[in-house]
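The next block holds one structure in the form of structure tokens; read it before the comments.
Numbers here are sequence positions counted from 1.
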Amino acid sequence: MPLQSSIAQPALTLEQQLGQKLLLDFRYFCNQGASKQCRTPMTQLPNELANAISKYNIGGVILFSENTQSIEQIITLNQQLQHAASKSSSALPLFISVDQEGGRVARLPRDVATSFTGNMSIGATFEKHDSYFAAQTARVMATELSALGINVNYAPSIDVNMNPDNPVINVRSFGEDPKRVATLGAAQVAGFENNGIISSLKHFPGHGDTNVDSHTGLPRVNHAKEVIYQQDLAPFKQIIATQSPGMIMTAHIQYPALDSSTFTSVDGKSMIKPATMSRKIITDILRHELNYNGVVVTDALDMAGISHFFNSTQAVINTFAAGVDIALMPIEIRTIDDLTKLDQLIKDLVAAVKSKQLNQQEITESAQRITALKSKFKLNTSFNAIDALVNAKHVIGSKAHRNIEAQLAVAAITQVKNTHNTLPLTLKAGQHIHIIMPDTRKCMALQQALQSISKHTLNYTCSSLQGFDPQQAHTDINKADVVIAGNATPNQSAVEIGGMDDLKNDPQFALSNAQQPKALESLLKVAKKQNKNTVFISLRAPYDIAEFSDYAHAVLASYAYNIDHDKNDIVTGPAFTALAHVLLGKLPANGTLPVTIKK
């Protein structure tokens with residue numbers, strides 16, 4: 001959707017500057033009731049929120065999957081948001097942002113938009129395809145986001161995944177080689193920004209070697225300074241020098257080798273400053289040492305890595321004092337009553353400037369960086385929704401885009417082991433395949449993918465790792481000609497699980513996340529004891545291959561298990577289609593492991 005050039009803006013007042021430095025989420029909104037009880041998705045802009053955007057000159061918003069339900073709805077919502085911004089005293093357009101990394105993290109409906117199989121799958125294609133898929137995926141996602149009126153994407157993640165137990169990054173990383181990560185990250189920045197989308201590198205100074213999720217706690221990286229510069233910081237340094245992005249997102253992580261100074265938290269405890277609040281890390285290293293002149297945005301300030309230790313006002317003041325430009329999700333707005341929090345936050349920030357807790361000149365320079373970025377990308381508060389809708393329906397999820405998605409999924413499949421020429425599978429009509437998967441929907445996805453390309457009609461049974469009858473599973477394995485087992489490690493989050501259908505019929509067989517790896521191992525032992533032809537598939541981070549490969553004759557890694565279509569008992573996803581083609585020998589497995597597997 002073409003955007004017109006912005007008109008030069010007059011100097012902003014302090015209140016306008018501070019409003020531009022806030023980026024809010026309206027994930028849910030209710031006209032009444034306590035905020036914690038509100039789970040009504042905000043799919044069209046209520047007058048109360050529109051008025052708040054206008055009144056406070058808010059700089060931007062972030063959309064979640066709850067806010068993005070169809071092409072028409074997203075375009076209408078974004079038009080409403082920009083119209084509200086046009087009514088503000090500054091009339092500055094909004095940053096309308098989203099986390100659309102591809103793979104695990106995709107906020108647009110997967111059956112509508114092209115979601116791809118994610119960064120680690122791109123890393124697996126590097127040796128054969130260099131940065132081709134990094135550039136193509138970014139180009140496609142940028143084209144589709146821009147068509148919807150979205151102008152900022154919090155991507156790519158250039159964290160160097162050095163920790164097999166990393167619960168939050170893993171396959172969101174291109175791999176463990178900083179140079180490869182930098183090359184692929186730079187290609188994605190160019191792919192986004194050359195196609196009208198502001199890119200935000202994340203998570204500075206690096207989230208790749210943590211075993212704590214900053215959504216639920218405060219991670220700490222104890223690397224020596226030399227290691228930090230060689231591994232964690234290296235991709236940021238290279239990309240800033242060669243393909244500097246419009247934004248960089250901070251990480252809520254302690255890096256004592258970079259800054260060991262402390263804060264006192266809300267419960268009175270002394271703690272090392274997280275990077276988001278460290279002036280040494282944000283101003284001295286990122287700004288001065290790495291020469292980054294763009295906009296710095298925090299990761300969400302409602303994450304436990306921050307919210308457990310600071311109240312909302314403290315958190316925002318500390319980030320601004322560190323040199324951050326934009327506070328992302330500084331307060332929770334779920335009801336009309338919550339808007340008083342926004343009013344109070346602005347007043348508190350004004351007071352912090354007046355009392356010199358925040359530097360007036362730095363606030364002004366920060367606001368100038370924000371408005372300059374909006375001007376550079378020609379953001380505007382108005383667009384023609386009818387023209388936008390026609391264009392969006394033409395490009396979003398188009399056949400050409402889906403073809404690139406399918407090509408990446410296949411190019412990434414990695415064959416790690418293949419003894420006794422197990423692959424490709426040679427199957428005859430009526431043979432029995434027993435599939436073991438994290439949940440029933442993934443069983444269905446692989447079964448349907450295999451059947452769609454197989455010459456023969458085959459018989460299938462399934463064990464879901466969410467819950468299965470052990471006796472029935474043993475019977476099915478005994479009858480099977482081939483056993484195909486898939487595992488997703490680290491554990492799936494609630495949002496990734498296909499559904500509750502695994503537990504409805506036989507709740508006595510429900511398994512906790514902690515039990516599922518043991519259950520998989522027990523089933524693989526049964527298959528091995530009966531000398532069944534067995535294939536193990538690592539569906540996410542391939543580190544689990546070390547644990548399960550000895551039980552299988554062949555091992556594949558797909559790095560993804562997206563289900564993009566799940567209607568009328570038709571369940572499909574690009575990774576499962578790619579796996580089926582490789583399993584049956586229709587296409588080769590040319591991917592290479594982007595991380596090291598250790599026993």
Test side-chain contact (heavy atoms from CB on, under 4.5 Å) on Ile370 and Lys21; report intermediate values, then the result.
CA-CA 8 Å; Ile370 292 167; Lys21 287 170 62 61; 3.7 Å; yes

Between Arg172 and Lys202, is the side-chain contact (heavy atoms from CB on, under 4.5 Å) condition met? List the steps.
CA-CA 11 Å; Arg172 295 167 66 192; Lys202 60 187 185 185; 3.9 Å; yes

Just do the side-chain contact (heavy atoms from CB on, under 4.5 Å) check on Asp259 and Arg279 with the steps written out, would you?
CA-CA 9 Å; Asp259 186 359; Arg279 191 170 179 90; over 6 Å; no

side-chain hydrogen bond (donor to acceptor under 3.5 Å, both in side chains) between Asp343 and Tyr56, worked out:
CA-CA 8 Å; Asp343 187 72; Tyr56 298 109; 2.8 Å; yes

Full working for side-chain hydrogen bond (donor to acceptor under 3.5 Å, both in side chains) between Ser97 and Tyr154:
CA-CA 7 Å; Ser97 63; Tyr154 298 119; 2.9 Å; yes

Criterion side-chain contact (heavy atoms from CB on, under 4.5 Å) on Leu24 and Leu49, from CA distance to verdict
CA-CA 10 Å; Leu24 307 179; Leu49 296 183; over 6 Å; no

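In this model, no donor atom of one side chain and acceptor atom of the other lie less than 3.5 Å apart for Asn161 and Ser173. Between Ser366 and Asp325, the side chains place a donor N or O and an acceptor N or O closer than 3.5 Å (distance only, hydrogens not considered). Between the side chains of Ser157 and Glu101, no donor N or O sits under 3.5 Å from an acceptor N or O. A donor and an acceptor atom, one from each side chain of Glu176 and Thr596, are located under 3.5 Å apart.
Tyr255 contributes a side-chain N or O that, together with a main-chain N or O of Gly206, makes up a donor-acceptor pair within less than 3.5 Å. Without hydrogens or angle criteria, Asn391 side chain to Ala388 main chain gives no donor-acceptor distance under 3.5 Å. Side-chain N or O atoms of Ser88 include none that pairs as donor or acceptor with a backbone N or O of Ala84 at under 3.5 Å. Judged by distance alone, the side chain of Asn166 and the main-chain N or O of His207 form a donor-acceptor pair under 3.5 Å. Using modelled atom types, no side-chain atom of Thr298 and backbone atom of Leu301 make a donor-acceptor pair closer than 3.5 Å. No donor-acceptor pair under 3.5 Å is formed between the side chain of Gln238 and the backbone N or O of Ala182. Checked by atom type and distance alone, the side chain of Arg540 pairs as donor or acceptor with a backbone atom of Pro490 at under 3.5 Å. One N or O on the side chain of His252 and one on the backbone of Ala300 form a donor-acceptor pair closer than 3.5 Å. No donor-acceptor distance shorter than 3.5 angstrom exists from the side chain of Ser146 to the backbone of Thr143, with no hydrogens or angles considered. Formation of a donor-acceptor pair under 3.5 Å by the Asp99 side chain with backbone atoms of Arg107 is not found in this model.
Sorted by first and then second residue, the side chain to side chain donor-acceptor pair (under 3.5 Å) pairs with a member in residues 67-87 read Glu72-Lys393; sequence neighbours excluded.
The shortest heavy-atom contact between Met247 and Ile326 is CE-CD1, 4.2 Å. Residues Asn31 and Ile336 come closest through the heavy atom pair O-CD1, 3.6 Å. Looking at every heavy atom in both residues, Asn57 comes nearest to Ser90 through OD1-OG, 2.7 Å. Nearest heavy-atom pair, Leu339 versus Ala52, reported as atom, atom and distance to 0.1 Å: CD2-CB, 3.9 Å. The minimum heavy-atom distance between Leu290 and Ile240, with the atom names listed, is O-CG2, 3.2 Å. Nearest heavy atoms, Tyr292 versus Ile248: OH-N, 3.5 Å.
Side chains of Arg104 and Val171 form a contact here, defined as non-hydrogen atoms less than 4.5 Å apart. In this structure, Glu193 and Pro245 have side chains that are in contact, with non-hydrogen atoms separated by less than 4.5 Å. Two residues are said to be in side-chain contact when any heavy atoms from C-beta on lie closer than 4.5 Å; Val296 and Phe204 fail this criterion. Considering only heavy atoms from C-beta on, Leu22 comes within 4.5 Å of Leu342 through its side chain. Contact of the Thr137 side chain with the Val140 side chain is not registered, since no non-hydrogen atoms from C-beta on lie closer than 4.5 Å. Counting only heavy atoms from C-beta outward, the side chains of Pro594 and Tyr559 approach each other to under 4.5 Å. Residues Asn119 and Leu184 are not in side-chain contact: their nearest non-hydrogen atoms beyond the backbone lie 4.5 Å or more apart. Looking at heavy atoms from C-beta onward, Lys374 lies in side-chain contact with Gln20 at the 4.5 angstrom threshold.
By the 4.0 Å N-to-carboxylate-O rule, Lys237 lies too far from Asp232 to be salt-bridged with it. Salt-bridge formation is not detected for the pair Arg287/Glu365: no Lys NZ or Arg NE/NH1/NH2 atom is positioned less than 4.0 Å from an Asp or Glu carboxylate oxygen.
For the pair Arg39 and Tyr28, the cation sits on the ring face: its NZ or CZ lies under 6.0 Å from the ring centre, inside 45° of the axis.
The side-chain contact (heavy atoms from CB on, under 4.5 Å) test with Thr283 singles out one residue from His288, Glu362, Glu289, and that residue is His288.
With rounding to the nearest 0.5 angstrom, the CD1 atom of Ile317 is 4.5 Å from the CD atom of Gln357. Between the CD1 atom in Ile96 and the CG atom in Leu145 there is a gap of 11.5 Å [rounded to 0.5 Å]. Atoms OG and CD, on Ser115 and Gln100 in that order, are 5.5 Å from each other to the nearest 0.5 Å. Atom CG of Leu286 and atom CZ of Phe236 lie 8.5 Å apart (nearest 0.5 Å). Distance check: Leu94 CG to Ile62 CD1 gives 13.5 Å after rounding to the nearest 0.5 Å. In this structure, CG in Asn293 is found 12.5 Å from CG in Leu373, a value given to the nearest 0.5 Å.
Note: Phe263 and Phe309 fail the aromatic proximity criterion, with ring centroids not under 6.0 Å apart.
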